Amino acid sequence: MDKIYSFRHYEETLYTFWEDNGYFTAKIDPSKKPFCIILPPPNANADLHLGHAMYVYEDVMIRYNKLMGNETLWLVGADHAGIETQFVYEKYLKKQGKSRFDFDRKTLFNNIWEFVMENRGNMENQLRKLGFALDWSKKKFTMDEDIVKTVYLTFKHLYDDGLVYRANRLVNYCTSCGTSFSDLEVVDKEVVGNLYYIQFPIQEGGSVTIATTRPETYLGDVAVMVNPKDKRYQKIIGKTVLLPLINREIPVIADEYVDPKFGTGAVKVTPAHDENDFQVAQKHGLWKDPVIDFNGHMQNTGLDDIDRVYVVKARKLIITKLEEYGFLEKITPHDMVLHTCYRCGTTLEPLPKEQWFINVKPLKKKAIQLVKKDEIRIHPKRFKKQLIAILENFIDWNVSRQIVWGIQIPAYRCEKTNDWFVSVEQPTSCQICGKCKFIQDKDTFDTWFSSAQWPYATLQSCKNPKSEIRNPKSDDKPTPFFDYFYPTSVMETGYDILRAWVSRMIMIGYFETKTVPFQHVFLHGMVRDKKGQKMSKSKGNVINPLDMIKQYGADAVRAALIFGTKEGGDVVLSEDKILAMRNFCNKIWNIGRFIEINQSQSSSHKSQVSIQKTSPKFQNIKNIEKLRKEFAGIEKKYHTHFKNFEFAKAFDLMYEFVWHRFADYYIEELKDSVQSGSIEACQEIFTVFRACLQMLHPYTPFVTEAVWKAFHDKTTSIMQSRFEHTNKTIRS
RNA sequence: GGACCCGUAGCUCAGCGGUAGAGCGUUCGGUUCACAUCCGAAAGGCCAGAGGUUCGAGACCUCUCGGGUCCACCA
């Protein structure tokens with residue numbers, strides 16, 4: 001063994017060794033306990049960042065379970081990441097002086113497909129560099145044919161159960177990007193805007209002043225609304241207001257919703273352009289078609305010189321006009337939040353658009369039950385409350401996206417009746433009228449809709465290598481891996497996507513499979529820099545995991561993400577810490593080297609050994625026994641931590657023990673007798689060290705395997721070994 | 001407005017009812033003898049503040065102050 005552990009000589013070779021010899025490949029073994037984790041699929045098109053490196057927790061669990069003798073599957077896949085990827089591709093097009101409008105739908109889709117496929121390998125190799133024990137033989141992509149089919153089937157099932165509906169709802173629409181966004185994708189921007197006070201004349205005499213930040217939308221108003229308890233306005237409720245400049249008549253209505261303290265206490269109601277107004281108007285049975293179109297231009301306002309004018313410009317024109325005619329009372333500055341497009345920064349326009357929605361009420365009810373009853377257990381515990389709150393507040397899910405890069409919604413509109421039907425297979429004839437040419441919805445699914453099905457969609461599509469004969473009937477195909485590994489054991493992901501992903505997997509997963517998609521959820525924290533700031537390119541504090549791996553080795557980077565952290569807490573990562581962990585890896589290596597040197601020595605001095613044996617040093621025997629006892633305690637604690645999902649604690653424990661107790665104390669104390677060939681001392685040190693290698697292996701797989709091979713047949717792996725003391729120390 | 005997390009050594013963080021800890025940094029002393037990517041030693045803390053529970057509180061409870069995150073609302 002070399003003086004220093006040089007990870008560069010080992011990492012790639014060892015990973016290839018593992019992969020080629022099938023150590024990552026899951027089989028179906030009914031005699032073993034299955035343990036399965038589905039890797040949250042990274043964006044196929046993007047490089048990994050430090051957040052992805054946090055999936056090391058999954059590797060820790062997988063490798064631990066392998067050493068426990070369980071049959072493990074860590075399933076790897078890639079996400080098409082709809083909006084994100086299309087955005088990246090469009091930037092790429094822009095560099096070439098083109099845009100998405102230069103292509104038809106099909107060509108654009110195919111181009112993005114090729115673009116993604118070219119880049120996909122990067123991400124996969126980066127996962128390998130991290131040492132992840134992923135089963136590459138079963139890798140999946142969210143746009144694989146069989147996955148798409150599953151997604152279609154789920155949608156059909158939801159549709160058949162009456163949980164899918166089409167509704168004219170307000171969506172956050174970006175008039176520049178030409179697409180709508182989910183609430184989750186909206187970026188809030190705090191600005192100082194204006195509050196405009198406008199006088200509306202009342203037909204019966206007098207006037208009422210309303211305050212608004214969006215004066216141009218008054219042309220789409222359906223009512224003026226006041227609080228029924230507001231004494232100032234009691235007498236105008238039920239009267240008729242004449243909208244300035246156009247003289248359209250609208251009623252004054254009353255609703256608790258109005259806050260009397262805000263503005264003047266009187267509010268204009270514009271159902272087509274404001275989410276709250278939309279809801280209130282619906283309650284009162286009021287509606288008026290939009291006065292802003294999907295390109296951001298005014299329409300149907302009743303004012304010829306305003307129609308077809310861009311909305312920002314229209315606002316100025318209208319204000320000038322209102323002022324000119326004496327309707328504008330005053331303008332005051334006002335702190336407000338703009339909903340903006342995360343892609344281009346344009347202020348999003350709430351616009352009514354027909355979309356597909358999923359009624360989540362029954363789904364979330366069941367999901368809440370599952371979480372509350374611990375059918376799905378959340379680690380760390382504090383996230384349980386948070387998840388329940390998230391589920392309780394879940395509103396109906398808009399799954400339509402107006403982009404090309406995604407799974408096209410399998411919904412078809414009859415040209416004759418305008419009714420819709422949903423079909424998993426490409427229909428040959430209209431299922432409504434039977435003869436028309438029907439048109440498929442142009443929209444694609446929200447990426448999270450396919451992600452929500454990932455656990456069962458992937459497992460169902462895993463082929464059993466032994467029984468390739470498959471039933472052609474799609475609903476009745478054999479799904480041995482699904483049967484064996486589902487529900488999966490643990491879903492491990494960042495706490496930031498509890499809402500977007502975890503909650504939806506539970507809802508959809510249960511709906512489709514009638515069981516939980518995973519038994520445990522383990523959430524990791526965010527990676528931050530030395531100062532506790534989020535890493536971002538603009539701050540220039542981004543640590544590239546691959547650079548660090550190149551410099552310090554994968555084991556060091558992995559260990560640095562875990563060492564000294566609290567479960568679910570954010571991780572502060574610095575180069576210093578990675579360096580410290582590299583030193584620890586070297587320490588592991590050198591303990592092995594010490595043992596190796598002394599083993600060969602003691603075997604060459606066999607004659608001396610027996611002499612040594614007849615003259616026992618009581619001190620050393622005492623130390624050997626002390627070590628044995630102390631290590632038994634460490635083993636017990638280690639396995640308890642794993643049982644409690646306290647992976648960082650288990651690692652901290654090993655770090656402290658291996659370095660500061662085992663190496664610094666015991667080896668130093670027993671050094672003399674080891675070097676003079678004491679068999680007892682050598683054996684005990686080797687036994688403990690062997691077990692330590694196994695216990696460290698989930699965290700630092702490379703160095704432990706490299707050392708392991710130094711003591712064993714080179715064709716074997718530490719991954720074949722099993723914890724020896726497990727029966728004594730833990731109960732399953 | 002609702003919820004959650006965090007204030008512990010110079011810095012970044014562990015500690016979850018019983019003698020204040022780690023990594024990095026600092027100071028001093030050590031390399032033929034596994035490792036200088038090392039070893040030994042040292043300095044450095046009213047554990048944010050105030051009450052309370054307890055024989056005993058960084059730890060549990062209440063409040064205050066300070067930092068962060070998520071959600072809701074914003075005419």
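In this text, all values refer to a predicted model and were calculated from it rather than measured experimentally. Letters go in sequence order (proteins before strands), and every chain restarts at 1.
The same atom, P, is picked in B/U53 and in B/A57; the two are 11 Å apart, to the nearest Å. Annotation: B/G66 and B/C60 have their C1' atoms spaced 22 Å apart (nearest Å). Comparing B/U8 with B/G21, their C1' atoms sit 10 Å apart, to the nearest whole Å. Here the separation of B/U37 from B/C71, taken at their P atoms, is 46 Å to the nearest Å. The gap from the C1' atom of B/G2 to that of B/A72 amounts to 7 Å, rounded to the nearest Å. Only the C1' atoms considered, B/C73 is 35 Å distant from B/G51, to the nearest whole Å. Straight-line distance between the C1' atoms of B/U26 and B/A34: roughly 28 Å, to the nearest whole Å. A distance of about 25 Å separates the C1' atoms of B/A14 and B/U27, rounded to the whole Å.
At the heavy-atom level, A/H273 lies nowhere under 4.0 Å from the strands shown. Backbone-only contact: A/Y655 has heavy atoms under 4.0 Å from sugar-phosphate atoms and none from a base. The residue A/A663 sits close to a base: some heavy atom pair falls under 4.0 Å. Residue contacts for A/A389: at a heavy-atom cut-off of 4.0 Å it reaches no nucleic acid atom on any strand shown. Residue A/G564 is in sugar-phosphate contact alone, with no base atom involved, counting any heavy-atom pair closer than 4.0 Å across all strands shown. Within the 4.0 angstrom heavy-atom criterion, no nucleotide atom of any strand lies near A/N393.
For A/A314, the side chain to side chain contact (heavy atoms under 4.5 Å, CB included) partners at least two apart in sequence or on another chain are A/M298, A/I306, A/V309. Partners of A/E646 by side chain to side chain contact (heavy atoms under 4.5 Å, CB included), not counting sequence neighbours, listed by chain and number: A/E567, A/H641, A/N644, A/K649. A/K372 meets the side chain to side chain contact (heavy atoms under 4.5 Å, CB included) test with A/I368, A/I388, A/E392; sequence neighbours excluded.
The partner of B/U31 cannot be assigned: no Watson-Crick or G-U wobble pair with both contacts below 3.5 Å exists in any strand. Remark: B/C65 base-pairs with B/G7; criterion is Watson-Crick or G-U wobble with both hydrogen-bond distances under 3.5 Å. Pair assignment for B/G56: none, as no Watson-Crick or G-U wobble contacts are both less than 3.5 Å. Base pairing of B/G44: no nucleotide in any strand meets the Watson-Crick or G-U wobble criterion (both distances under 3.5 Å). Across all strands shown, B/A20 forms no Watson-Crick or G-U wobble pair with both distances under 3.5 Å.
Each of A/K671 and A/M581 was assigned the nucleotide of RNA chain B with the nearest heavy atom; the assignment lying further toward the 5' end belongs to A/M581. Of the residues near RNA chain B, A/H334 and A/R582, the one whose nearest nucleotide (by heavy atom distance) lies more toward the 5' end is A/R582.
Atom C1' of nucleotide B/A72 and atom CD of A/E275 are separated by 13 Å, given to the nearest angstrom. For A/H660 and B/G21, the NE2 to C1' distance is 11 Å, given to the nearest whole Å. The NE2 atom of A/H339 sits 13 Å away from the C1' atom of B/C71 (whole-angstrom rounding). The distance from atom CD1 of A/I395 to atom C1' of B/A72 is 11 Å, rounded to the nearest whole Å. Rounded to an integer number of Å, the gap from A/I578 CD1 to B/U12 C1' is 13 Å. One can place NE2 of A/H524 at 16 Å from C1' of B/C5, the figure rounded to the nearest angstrom.
B/G58 shows a glycosidic angle within 90° of 0 and is accordingly assigned syn. Base orientation of B/C46: syn (glycosidic angle within 90° of 0).
We find that A/R214 and A/E216 are joined by a salt bridge, their nearest charged nitrogen and carboxylate oxygen being less than 4.0 Å apart. Using a 4.0 Å cut-off between charged side-chain N and carboxylate O, A/D2 and A/R593 make no salt bridge.
For A/W589 and A/Y10, the gap between ring centers is short of 6.0 Å. You'll find the ring centres of A/Y699 and A/F651 inside the 6.0 Å limit. Annotation: A/F702 is not in aromatic contact with A/F7 [ring centroid separation under 6.0 Å not met]. If you look at A/F200 and A/F327, their ring centroids are not closer than 6.0 Å.
Distance from the side chain of A/L195 is smallest for B/A75 among the nucleotides B/G23, B/C39, B/A75. Nearest nucleotide to the A/N583 side chain, out of B/C38, B/G23, B/A34: B/C38. Side-chain proximity of A/I591 to the nucleotides B/A34, B/A75, B/U37 is greatest for B/A34. Closest to the side chain of A/V267, from the set B/A75, B/A14, B/G23, is B/A75. Of the listed nucleotides (B/C38, B/C24, B/A34), B/C24 has the atom at the smallest distance from the side chain of A/D576. Nearest nucleotide to the A/K385 side chain, out of B/G23, B/A34, B/C4: B/C4. Of the candidates B/A34, B/G23, B/C13, B/G23 carries the atom nearest the A/F563 side chain, counting heavy atoms from C-beta on.
In this structure, A/R661 fails the cation-pi test against A/F657, since its NZ or CZ atom is not both closer than 6.0 Å to the six-membered ring centre and inside 45 degrees of the ring normal. Seen from the ring of A/Y197, A/K330 counts as a face-on cation partner, given the 6.0 Å and 45° thresholds.
Side chain A/E668 to base B/A34: a donor-acceptor pair is found below 3.5 Å. Applying the 3.5 Å distance criterion, the base of B/C24 shares no donor-acceptor pair with the side chain of A/K577.
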Under 3.5 Å, which N/O atoms of the protein pair with N/O atoms of nucleotides 6-8 of chain B?
from, atom 1, to, atom 2, distance (Å)
B/C6, OP1, A/K566, NZ, 2.3

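Between A/Y57 and A/F647, the two ring planes are tilted [angle within 30° to 60°].
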Determine all donor-acceptor pairs shorter than 3.5 Å in which one atom belongs to a side chain in residues 579-586 of chain A; sequence neighbours excluded.
from, atom 1, to, atom 2, distance (Å)
A/N586, OD1, A/Y5, N, 3.0
A/N586, OD1, A/N590, ND2, 3.4

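Contact annotation: A/W659 side-chain N/O to B/C35 OP1/OP2 distance is not under 4.0 Å.
For the segment residues 208-221 of chain A, residues with any heavy atom less than 4.0 angstrom from an atom of RNA chain B are, sorted by number, A/A211, A/T212, A/T213.
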